[in-house]
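Let me begin by presenting the structure, written as structure tokens, before commenting on it.
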4 protein chains.
Amino acid sequence: MVFDSKNAVAERRMRLPADTRREQLIAAAIRVLRSDVHGDKQINWVAAVVSEAGAAKGTFYRYFPSWESMLGVVRSRLLDDFHAPLRAALADDNPHDWLKLIVEQCERLVDDAFAYPVHHRMLFHYPLPGDSMDPEEMGTSILSRVLRAGTDAGEFHGITDCEATATLLLGGMHTVADTVLSRGERSRWVGEFARQVESIVRETPVNSAVAR
Amino acid sequence: MVFDSKNAVAERRMRLPADTRREQLIAAAIRVLRSDVHGDKQINWVAAVVSEAGAAKGTFYRYFPSWESMLGVVRSRLLDDFHAPLRAALADDNPHDWLKLIVEQCERLVDDAFAYPVHHRMLFHYPLPGDSMDPEEMGTSILSRVLRAGTDAGEFHGITDCEATATLLLGGMHTVADTVLSRGERSRWVGEFARQVESIVRETPVNSAVAR
Amino acid sequence: MVFDSKNAVAERRMRLPADTRREQLIAAAIRVLRSDVHGDKQINWVAAVVSEAGAAKGTFYRYFPSWESMLGVVRSRLLDDFHAPLRAALADDNPHDWLKLIVEQCERLVDDAFAYPVHHRMLFHYPLPGDSMDPEEMGTSILSRVLRAGTDAGEFHGITDCEATATLLLGGMHTVADTVLSRGERSRWVGEFARQVESIVRETPVNSAVAR
Amino acid sequence: MVFDSKNAVAERRMRLPADTRREQLIAAAIRVLRSDVHGDKQINWVAAVVSEAGAAKGTFYRYFPSWESMLGVVRSRLLDDFHAPLRAALADDNPHDWLKLIVEQCERLVDDAFAYPVHHRMLFHYPLPGDSMDPEEMGTSILSRVLRAGTDAGEFHGITDCEATATLLLGGMHTVADTVLSRGERSRWVGEFARQVESIVRETPVNSAVAR
DNA sequence: TATGAATGAGCCTTCATTCAT
DNA sequence: CATGAATGAAGGCTCATTCAT
């Protein structure tokens, strides 16, 4: 036989191990979210994803109870990636320029938002069902540990509530990303962010110099 | 027959000055947006607004080309209110505690978000059509002038790019509002915000103490 | 102008008084229910009705919250018609052959079921939502009054619980209709029904003959 | 590697004698139909049945061409059970109180309907495909023989068309069951049924008194 | 033979927007 | 100007049935 049915048409009804299919759908979802469908018109996300994955509508609902839940998975998946560098730095025992790491996080977020605006909006500016966990919790906790590490290393001073500081810092990164998205001038906003972070984490009370 | 059905209905057809009608609709929209029907359930927004305003569906579209555009108007209207205190302070010649004013702005946003979550979400976390102006631009410019005023008054130091600082500060307020919304602990987050702002606007280069 | 737009094409977006449109939809529903769509395949009833009525899907939902509710309206509408002869007989003061009237009711139901089987099935053999009123209540009450009238006229004897007797009689009519539907032999089953009814309403206690 | 994943799963693949499997599925279906999930909500019937039977979806379709056909089998199975008492009575040569047996049939149907409403609805008020045999045929024929037996025993009189009488009697039982289901008052409706049956099967022509 | 992942037509609405009156 | 009935594309999801393994 000359035509292998697999390569010929549609390759319909491909039977995949559950995990594989699931990954396929997640990957397709990320691709769809990133393929900025110019314009902000509502998209039938589920339809787009299954089409991209070469699956049928029903298949989607075998693996995810709703679009929202899929979004949750994608979100945490990408947040994991996003925070990987910080996690790595926290895991080894070498000294690090913690401030620089924080600013690089911001830059990474900015660049991602710039490359895939729809994606970014969907992931971070989509109303979550009220009872769902805060997707940023993880980010906050990692950033928290970074702040503590910096403090321990003597790089940071005056941080009293690491978690709170981290939360607002993360919010700041999003603000920068959104601003670059709508107004450009990447270096201007990233620069300002860097300056603010420095002020915040290197705070030296005016009188402390005297006290010493 | 002398009385026909047309007269019976006539009283519902109120002919109002265009501006009045428009204001009525906007006011009704704000009321509807605030009447948080507890939860994320879909609402027939347009229907709810015209019903609240005592107008007909078609009337809505006489004054606003679309629901989104109405949202835009409401947004800027409320942002106007939000920034009114700062504008007032900028307008008179008395001395002001500018830092305190900024923190109070944050508190106002937090409290509004807490009192009317749906309203807040609709106004700030609803995807705007890509070509629409940044609704925060105004806020940024006012905050910018506050920073400059504070600098002129000798209260703030080290701010080099007022507009950029203002932009991130505004973003910070939203972060705080969202955090309080999802995690409570109003005073914790507001306090952290206050501390960060202070660090940012009162930045004193380490050596400045010596300089004095 | 030669072509009146009304007669020309589609007559789209016809604006009708609410009552008229409602009636139109009900009439269309009855027509659709009667147009035995050969085969028992599920039909998208709402779609069929609006198409028949020349209206759009959304229009249906302006007038009825669901297909079930429309069915309820149609049902009571047709039950009204069905019971009209009995009501008429009860309303005038002339003597009547009540037994004959009852049998004629049965025949009318049979003939209707035979002429419009789907219609009949939908109206009487469609699971009603558990909390809905019994659609036969009205039929029962009318038949009840007929039994009492027959008793008062000395035509019927021995009926102790008119309502109960009426309920089962009505059920009997449906049984006959269903049987004719599936097995034919109209006169056989109607005849049997007539005989049974006669036994039931003319019950003469065995000893009564002696009493005479 | 000696153990492969195939062996791990192997135990789930139970190879059963075809008849056993079939019975398992039928039994499971009956259990599922009876486990009234309170209400009219849609159930994924096939899924529920195979899950209850511990089989796979595909297996279902090995034994039944469709859900409807399974329903048909269950129906006749339960009708068999339902009629067992009458069959038993017909089979032995002892004298019986035939009228009492008929009323007891009615009571059994009522109680079953009351205990398992969904079950009952599915079995008796579910539109059968037009070409399917009348599931009540069997019931009719048995009841017919009961009527004849009662007549032979001198208990019943005046029944001319046993089959027709039986058919309507069976219908009557269903009417009673449905009425009890929707209105309660079991004894009232069963009592009325008993009275009607008595009238019908003990009909004594007016002149019979003379004959005596 | 048994499995259960895959299918996809189809159902029941909803609601921003239009337009005949 | 005002009205509100009419529109219809979409959206989210189901589930009996099929078929690759």
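Lettering follows sequence order; numbering is per chain, from 1.
- Comparing D/G58 and B/W67 against DNA chain E, the residue whose closest nucleotide sits nearer the 5' end is D/G58.
- Contact annotation: C/Y63 reaches the phosphate of F/dA6 (side-chain N/O to OP1 or OP2, under 4.0 Å).
- For E/dA16, one of the phosphate oxygens OP1 or OP2 lies less than 4.0 angstrom from a side-chain nitrogen or oxygen of B/N44.
- Both A/P65 and C/A56 lie close to DNA chain F; mapped to their nearest nucleotides by heavy-atom distance, the more 5′-ward contact belongs to C/A56.
- If you check every strand for non-hydrogen atoms under 4.0 Å, C/A55 touches sugar and phosphate atoms only.
- Applying the 4.0 Å criterion to OP1 and OP2 of E/dA6, one finds that A/R21 has a side-chain N or O inside that range.
- Using a 4.5 Å heavy-atom threshold, the side chains of A/V32 and A/I30 count as separate.
- Here E/dT1 presents its P atom at 15 Å from CZ of D/R22, a figure rounded to the nearest Å.
- Base pairing in DNA chain E gives the following stems of 3 or more Watson-Crick or G-U pairs, range against range and under 3.5 Å: E:2-21 with F:2-21.
- The side chain to side chain donor-acceptor pair (under 3.5 Å) analysis of residues 53-66 of chain A, with sequence neighbours excluded, yields no pairs.
- Between F/dT18, F/dA2, E/dT13, one nucleotide has an atom nearer to the side chain of B/T59 than all others, and that is F/dA2.
- Note: CZ (D/F60) to C1' (E/dG4) measures 15 Å, nearest angstrom.
- Using cut-offs of 30° and 60° on the angle between ring planes, the pair D/F60 and D/F64 is tilted.
- Atom P of nucleotide F/dG12 and atom CZ of A/F64 are separated by 16 Å, given to the nearest angstrom.
- With contacts defined as side-chain heavy-atom distances shorter than 4.5 Å, the pair A/R22/A/L25 does not qualify.
- The side chain of C/L16 has F/dA6 as its nearest neighbour among E/dT17, E/dG4, F/dA6.
- Here the C1' atom of nucleotide E/dT3 and the CG atom of D/L25 are 13 Å apart, to the nearest Å.
- Using a 4.0 Å cut-off between charged side-chain N and carboxylate O, B/R75 and B/E68 make no salt bridge.
- Take C/R15 and apply the side-chain hydrogen bond (donor to acceptor under 3.5 Å, both in side chains) test, not counting sequence neighbours, and it matches no residue.
- When distances are taken from the side chain of A/R62 to each of F/dG4, E/dG4, F/dC1, the shortest belongs to E/dG4.
- Counting to the nearest Å, the P atom of E/dC15 and the OH atom of C/Y61 are 14 Å from each other.
- For F/dT18, the base has no donor-acceptor partner in the side chain of D/K57 [N/O atoms by modelled type, under 3.5 angstrom].
- Distances shorter than 4.0 Å separate none of the side-chain N or O atoms of C/R15 from OP1 or OP2 on F/dA6.
- In this structure the side chain of C/V49 never reaches within 4.5 angstrom of the side chain of C/L33, judged on heavy atoms.
- Rounding to whole angstrom units, CD of residue C/Q24 and P of F/dA5 are separated by 15 Å.
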